[in-house]
Amino acid sequence: MKRKILPFIALIIVISANRLIPDSELQPAADRPYFFYVLCLLTGLYAVYFLLSLAIGALHDKLIHKAPFYAGVILLIGAIDLVTSKYALLPVLFFPCLDRVFGVFVSDWRLMGECILASGKLLLIGFGIGASLGFLTGLLIGFSGKANYWISPLMKFIGPIPPTSWSPLVLSLLSTTYQAAVFMVALAVWFPITLMTSSGVQNVSNSYFEVAATLGAGRWTRIFKVGVPAAMPSVFLGVFYATCSSFVTLVTAELLGADAGLGWYLNWQKGMMLYANVYAGLILIAGICMIIITLIFRLKDRILVWQKGVIKW
Amino acid sequence: MVGEIRIDHVHKEFVNPDGDRITALEDVNLTIEPGSFVSLIGPSGCGKTTLLRAIAGLNPADSGTICLDGKPVSAPGADRGYAFQQANLFPWLNIQNNIAFGLKARGVYRQEQGEVGRLINLVGLRGFERSYPHQLSGGMCQRAALARALAGHPKVLLADEPLGALDAFTRMNMQDMILDLWKEHHMTVIMVTHDVDEAVYLSDRVVVMSARPARVEQVIDIQLSRPRDRGRGDFMDYRRQILERLHFAGNTPDLDYYL
């Protein structure tokens with residue numbers, strides 16, 4: 001019970017510091033105290049969570065576990081508030097006050113929404129192409145000795161090259177920069193998925209194939225009902241790596257001449273010296289990446305129910 | 001009755017990591033009558049498993065023939081069920097689907113749906129159909145593996161120390177279960193074992209094999225009525241006879257623990 005109060009105490013400390021200490025005069029003022037609004041929102045959300053946890057046992061246990069962490073995060077944000085807004089200990093151009101950072105979400109929400117859609121589309125197309133090709137290449141390498149002999153060295157040669165360093169070549173070969181961006185994202189996804197699929201297949205214990213053979217399974221059954229499901233944990237690890245590297249590539253690929261997208265947004269705001277917007281963009285990217293990876297792990301938990309937790313998120 | 005295995009002049013060599021040729025099976029001749037329960041027993045590493053795998057078609061013999069009901073075997077097939085030393089259940093399938101795997105692979109699941117439920121009952125796993133292998137004990141997994149091997153009504157069940165990894169009590173229960181399955185399915189059983197008690201308790205005939213290269217040393221008919229009593233004098237006589245034979249077989253100078 002005491003632990004569950006901790007976030008409230010942290011919120012009271014941070015809110016009173018925010019309200020009682022005047023903002024530094026060096027710091028350009030925001031039009032509204034958005035950080036204070038965020039704190040109020042957090043307080044409201046936590047209060048709802050707290051009340052629900054009184055009724056639901058499972059939520060209670062989870063909250064008991066997480067409460068000190070939440071309190072720590074709130075105090076950390078409070079410390080950032082002190083360092084930037086209140087005492088302006090760091091150059092104000094590069095470290096804007098939190099009111100302005102959170103204000104961007106209000107003033108720029110339409111543009112941010114467009115950027116999310118544009119990046120989402122690019123990510124979806126690139127990921128779809130890269131993942132399906134990667135899975136197929138991985139299966140080929142894993143199951144066929146010939147494919148392993150010819151394709152595997154090529155994969156190991158191309159794979160470690162950062163996808164974005166293909167840009168000079170890709171830009172001259174493909175007709176639009178958008179295609180180039182899709183290509184680079186697809187390449188970033190293709191390598192980890194190919195590698196993890198093929199190594200997953202190659203590491204399947206031979207005894208499973210022997211069991212299948214003694215049960216009268218033909219070649220395709222052995223590939224798709226034994227090899228593929230047995231390799232799934234490894235494939236998922238590949239999907240996880242691919243997601244991370246697709247984000248890195250996405251942000252860089254959009255610098256090449258896209259007219260919307262999260263990477264483009266960051267670059268444009270940096271060019272305008274609007275660091276509050278840059279931070280808001282970073283928070284947005286981190287949030288989206290976290291949501292996507294959480295979804296992937298939920299999916300993994302559903303598909304790999306048979307596996308005793310190996311990778312966790 | 002079907003399920004006759006005829007092993008004719010079977011020879012098999014391996015090349016070990018040092019590049020030496022090692023004869024695993026040397027001129028093995030054996031006829032196993034349809035519907036009988038036969039145990040292969042011999043010193044560890046002598047090649048019993050090699051012989052069993054050759055019958056299954058997993059590692060074909062170098063020369064000689066192995067025939068099932070007069071037809072030579074060369075590749076694995078559903079007419080010969082195989083129970084491995086480890087249960088080797090597919091961890092991504094629940095028990096029901098593990099047992100149904102062979103039926104589905106051969107496209108006969110629709111006709112044989114009742115078969116899976118019947119086998120689950122027989123091996124005492126009712127209520128665990130939806131469980132995954134990692135949720136079950138070793139003995140339960142081994143029972144599921146036996147049910148899986150039997151789901152397609154094989155003519156022959158090849159069992160490679162299926163009870164080797166189990167504790168003594170589970171083992172004795174499972175021996176009775178295996179006898180029940182054997183009677184119910186009218187099949188031939190060839191079982192590799194290290195355990196002389198187990199061999200005498202279960203088998204119609206015990207095949208004693210010599211140390212490497214494996215040859216058939218002696219075939220002993222166990223003329224005891226079932227159910228057998230492990231404590232009776234004649235049971236002990238058979239036990240002693242096999243142990244003496246094994247001791248003699250183990251005294252060849254090329255046994256690995258003499259090196």
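Just so it is clear, the structure is predicted and the values come from calculations on it, not from any experiment. Note on naming: letters A, B, ... go to the chains in the order of the sequence lines (proteins, then strands), and numbering restarts at 1 for each one.
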So for [X], is it side chain, backbone, both, or neither that comes closer than 4.5 Å to the heavy atoms of chain A?
{"X": "B/L158", "answer": "neither"}
{"X": "B/R53", "answer": "side chain"}
{"X": "B/A149", "answer": "backbone"}

Please give me the minimum heavy-atom distance between A/A213 and B/P76, naming the atom from each residue.
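Scanning both residues, the minimum pair turns out to be O-CB, 3.6 Å.
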
Minimum-distance pair of heavy atoms, taken over all atoms of B/F90 and A/V211:
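Looking at all heavy atoms of both residues, the shortest contact is CZ-CG1, 3.8 Å.
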
Greater than 12 external heavy atoms within 6.0 Å of [X]'s [atom1]:
{"X": "B/Q85", "atom1": "CD", "answer": "yes"}
{"X": "B/Y109", "atom1": "OH", "answer": "yes"}
{"X": "A/K225", "atom1": "NZ", "answer": "no"}
{"X": "B/R118", "atom1": "CZ", "answer": "yes"}
{"X": "B/R126", "atom1": "CZ", "answer": "yes"}

Aromatic rings B/W92 and A/W306: how do their planes relate, parallel, tilted or perpendicular, breaks at 30° and 60°?
perpendicular

Of all of B/A78, B/G77, B/P91, which one pairs up most often with chain A through heavy atoms under 4.5 Å apart?
B/P91

May I ask you to test the B/N88-A/E210 pair for a side-chain heavy-atom distance under 4.5 Å?
no

For residues 30-47 of chain B, which residue pairs pass the salt bridge (charged side-chain N to carboxylate O under 4.0 Å, His left out) check, not counting sequence neighbours?
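As it turns out, the salt bridge (charged side-chain N to carboxylate O under 4.0 Å, His left out) pairs with a partner in residues 30-47 of chain B, which skip direct neighbours, are B/E33-B/R205.
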
Out of curiosity, A/T221 OG1 to B/R106 CZ, how far, rounded to the nearest 0.5 Å?
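Here the interatomic distance stands at 11.0 Å.
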
Can a donor-acceptor pair be found, under 3.5 Å and without considering hydrogens, that links the side chain of B/H134 to the backbone of A/Q307?
no

